[in-house]
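Worksheet for the structure shown next.
Here is how names work: the chains are called A, B, and so on, in the same order as the sequence lines, proteins then strands, and each is numbered from 1. None of the values given here were measured: they were computed from a predicted structure.
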Amino acid sequence: MNKIGLTDQDIVALVDCNNFYVSCERVFDPSLEGKPVAVLSNNDGCLVSRSNEIKALKIPMGAPGFKHEALIRKHGGVLLSSNYTLYGDMSRRVMDVLGKFSPELEIYSIDEAFLGLNGFRVRDLEAYGRKIRETVRKWTGIPVSVGISRSKTLAKVANHYAKRYSGYCGCLVMLDDERIQKALEKLPVSEIWGIGRQYDKFLRQNKIANAWQLRNAPEQFIDHYMTSVGHKTVLELQGFSCIDLDEAPAPKKSIVVSRSFGKQVSELEELEEAVSTYITRAAEKLRAQHSVAGHLMVFLNTNRFKEGPQYNNAAQMTLSPPTAYTPDLIKTALELLRDLWLPGFEFKKAGVMFSEIMHEDDVPLNLIETNYLDDERKALADTIDRINRHCGRDTVFYASSGIRQDWQMKRARLSPSYTTRWSDLMKTK
DNA sequence: TCTGGGGTCCTAGGACCC
DNA sequence: TCTGGGGTCCTAGGACCC
C-alpha cells in the first residue's frame with residue numbers, strides 16, 4: 001500500500017473475445033472463416049461486430065449496413081442479423097471456462113472478463129495467459145486475447161496490444177516500467193478505457209495526446225479539469241489499482257426494453273402490442289433478479305433520420321405499491337401509452353423503462369397488504385416464467401402482445417439457434 | 001427501403017430546511 | 001432597509017462503457 005492507500009501490487013488480467021459475435025457465428029458455420037463477416041444490430045441496422053477482413057476494408061464500427069453491403073458482397077463477404085440467444089449462450093460457456101482459471105472473476109460484458117491473478121509468480125504469468133487462451137479456444141471455439149498488468153486500465157491497454165500485434169500471440173504481460181512506458185507512449189488518449197470523445201478533445205487541446213502524457217499530467221490539472229472518474233483513470237495508468245474487481249454484479253437499478261420497429265407504425269393498436277411485449281420482457285428481467293419497480297416510463301419516437309414531423313415523448317408514473325406483476329404493469333403501461341400517443345405520426349421506436357427498483361423483500365411494510373408477492377399472482381408469474389424458460393420464450397404470452405406483430409424488427413439474415421433450440425441443432429451430413 | 005440497445009456514474013443546480 | 005450560511009435531497013443531463 002502507498003501513502004494514499006492504494007495498492008500497486010495487484011495483478012489483473014483482461015480477457016476479451018475477438019470480434020465476439022462474428023466469432024460465435026464462425027464456430028457454427030466454418031465457411032465464414034477468412035471472409036469479411038459482420039453482424040448487424042437489431043433491425044439489421046448498423047455493424048456491431050466486424051471480422052478482421054471487414055476492418056481491413058475500413059468499414060467503421062456502427063456504420064449502417066446498407067451503405068456498405070455492396071462492398072462487402074464484392075469481397076465475398078456477408079452481413080448477418082444478430083442472434084443474441086446464441087451469443088448469450090456462448091458467452092456463458094466462455095465465462096465458465098475463465099472461472100476455472102481464477103477464483104476472482106468479474107464478468108464485465110458479454111465478451112469481456114477481468115480475472116484477479118494475485119499470488120501468481122510474475123514469470124509464470126505469460127504461460128498462464130496463453131493457457132487461458134488455448135483452453136477457451138479448445139473448449140468453446142472462441143478466440144480471445146489476454147492482457148495482464150497492474151490495474152484494470154493497464155490490463156485493457158495490454159489487451160489492446162495483444163489483440164493487434166500477432167507477435168504477442170494473443171497474450172501480453174505488461175509489468176515492467178519500460179514496457180509500460182513504451183506502450184503508453186504509443187497509445188492515443190482516445191484509446192484509454194474511460195476517455196471518451198469529450199475528454200479526448202479537451203486533453204488534445206491541452207497538449208495531452210497519448211496515455212503516457214496523461215499518466216504524467218500535473219495533479220492540479222487533473223483535479224481541476226477531470227471528474228473523480230478521470231482521476232481514477234490517471235492513477236490506474238500509474239499502476240495503482242483503484243477500480244476494484246467486482247465479482248458479484250449488483251442488481252440493476254433500471255431496466256430498459258426498447259426496440260426500433262421493422263416499419264413505420266402509426267396505429268395505436270400496434271403500439272399497444274409492442275409496449276405490451278416490451279413490458280413482458282422487462283418484467284421477466286425484474287423478477288429474475290427478485291426485484292420490484294417503483295416507477296414506470298413509456299416512450300415513443302418518430303424516425304429521426306426521416307424528414308417530417310418529429311415526436312419524441314415519454315409518459316411516466318409512480319407504481320404504488322412497487323410491483324413486478326406483468327398484467328398490472330401492462331395495464332399501467334397501456335394507459336401511459338394512450339396518454340402519449342398522437343394520431344398522424346409515423347413512429348419508429350417505442351420503449352419502456354423501470355426504475356426505483358428494489359428487492360422484493362424490501363417493499364415498505366405499510367404497502368405490504370397490497371403487494372403482489374403475497375397472493376396467488378406471484379405464484380402465477382413464477383409459473384409462467386418457469387414454463388417460458390423451459391419450453392422457450394413466449395410459450396405462454398399475454399393476449400395484449402398480439403399474434404401478428406407486424407411491427408417486429410427485421411432479422412432477415414438470422415443464423416439458427418444452434419445451442420438453444422433442439423430443432424436447430426447442427427446435423428452431420 | 002434500410003441508421004441499435006442497455007446500462008452506470010457523476011455533477012450542477014434548484015428546492016427546501018434550519 | 002438591511003438580507004447568511006450551511007446542509008440535504010432530488011432531478012436532469014452529460015459522459016462514458018460495451
Looking at [range], who's got a heavy atom less than 4.0 Å off DNA chain C?
range: residues 191-222 of chain A; answer: A:I192, A:W193, A:G194, A:I195, A:G196, A:R197, A:Q198, A:Y199
range: residues 50-80 of chain A; answer: none
range: residues 296-308 of chain A; answer: none
range: residues 155-164 of chain A; answer: A:K156

Using the C1' atoms only, state how far B:dC16 lies from C:dG4, rounded to an integer number of Å.
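My reading of the C1' atoms in C:dG4 and B:dC16 gives 16 Å.
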
Should A:F347 and A:F261 be marked as a ring-ring contact (aromatic ring centres under 6.0 Å, His included) after you check the CA-CA gap, both sets of side-chain angles, and the distance that decides it?
CA-CA 8 Å; A:F347 294 103; A:F261 305 129; 8.3 Å; no

Consider side-chain contact (heavy atoms from CB on, under 4.5 Å). Of A:V97, A:D111, A:V146, which one does A:V15 pass it with?
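It is A:V146, the one option of A:V97, A:D111, A:V146 that forms the side-chain contact (heavy atoms from CB on, under 4.5 Å) with A:V15.
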
Does A:N18 form a side-chain contact (heavy atoms from CB on, under 4.5 Å) with A:F20? I'd like the steps, not just the answer.
CA-CA 5 Å; A:N18 301 348; A:F20 182 54; over 6 Å; no

Have a look at [X] and say if it touches a base, only the backbone sugar-phosphate, or nothing, with a 4.0 Å heavy-atom cut-off.
X: A:K348; value: sugar-phosphate
X: A:K263; value: nothing
X: A:S228; value: sugar-phosphate

For the pair A:F28 and A:Y418, name the ring-plane relationship: parallel under 30°, tilted 30 to 60°, perpendicular over 60°.
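Parallel.
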
Should the pair A:F221 and A:Y225 be assigned to parallel (<30°), tilted (30 to 60°) or perpendicular (>60°) ring geometry?
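The arrangement is tilted - the two ring planes meet at 30° to 60°.
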
Could you walk me through whether A:R287 and A:T326 satisfy the side chain to side chain donor-acceptor pair (under 3.5 Å) test, starting with their C-alpha distance in whole Å, then the side-chain angles of each, then the deciding distance to 0.1 Å, before giving a yes or no?
CA-CA 10 Å; A:R287 291 191 295 269; A:T326 303; 2.8 Å; yes

Does [X] have more than 12 heavy atoms from other residues, nucleotides or ligands lying within 6.0 Å of its [atom1]?
X: A:K253; atom1: NZ; answer: no
X: A:K55; atom1: NZ; answer: yes
X: A:R204; atom1: CZ; answer: yes

Under 4.0 Å between a Lys/Arg side-chain N and an Asp/Glu carboxylate O for [X] and [Y]?
X: A:R150; Y: A:E236; result: no
X: A:D394; Y: A:R281; result: yes
X: A:R386; Y: A:D382; result: no
X: A:D96; Y: A:R93; result: no

Extract, from 5' to 3' on DNA chain C, the first and final nucleotides lying under 4.0 angstrom from some heavy atom of chain A.
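Range of nucleotides within reach of chain A: C:dA15 to C:dC18.
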
How would you list, by chain and number, every residue that makes a ring pair (Phe, Tyr, Trp, His ring centres under 6.0 Å) with [X], sequence neighbours excluded?
X: A:Y84; answer: A:Y21, A:Y87
X: A:W193; answer: A:Y108, A:F114
X: A:F397; answer: none

Among residues 278-286 of chain A, which contact DNA chain B at a heavy-atom distance under 4.0 Å?
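The stretch gives A:K285 as the residues lying under 4.0 Å from the strand, ordered by number.
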
Mind running a 4.0 Å heavy-atom check of residues 35-47 of chain A against DNA chain B and sending the residues that fall below it, in number order?
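Only A:S41, A:N42, A:G45, A:C46 qualify.
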
Any chance you could lay out the salt bridge (Lys or Arg N to Asp or Glu O under 4.0 Å) test for A:R130 and A:E134, step after step, and finish with the verdict?
CA-CA 6 Å; A:R130 290 193 182 178; A:E134 283 158 20; over 6 Å; no

Quick one: side-chain hydrogen bond (donor to acceptor under 3.5 Å, both in side chains) pairs with a partner in residues 261-277 of chain A, sequence neighbours left out?
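Sorted pair list: A:K263-A:E270, A:E272-A:R338, A:E273-A:W407, A:S276-A:S400, A:S276-A:S401, A:T277-A:Q405.
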
If you round to the nearest 0.5 Å, how far is [atom2] of [Y] from [atom1] of [X]?
X: A:E219; Y: A:D223; atom1: CD; atom2: CG; answer: 5.5 Å
X: A:N301; Y: A:Q310; atom1: CG; atom2: CD; answer: 9.0 Å
X: A:R215; Y: A:L187; atom1: CZ; atom2: CG; answer: 13.5 Å
X: A:K349; Y: A:N312; atom1: NZ; atom2: CG; answer: 9.5 Å

Which is more 5' along DNA chain B, the nucleotide nearest A:M409 or the one nearest A:A250? Just name the residue.
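Residue closer to the 5' terminus by nearest nucleotide: A:M409.
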
Taking atom types as modelled and ignoring hydrogens, do the side chains of A:N19 and A:S51 form a donor-acceptor contact shorter than 3.5 angstrom?
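The answer is no; no qualifying pair exists.
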
Name the stems that DNA chain C belongs to, where each is three or more consecutive Watson-Crick or G-U pairs with both distances under 3.5 Å?
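So the stems come out as B:5-18 with C:5-18.
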
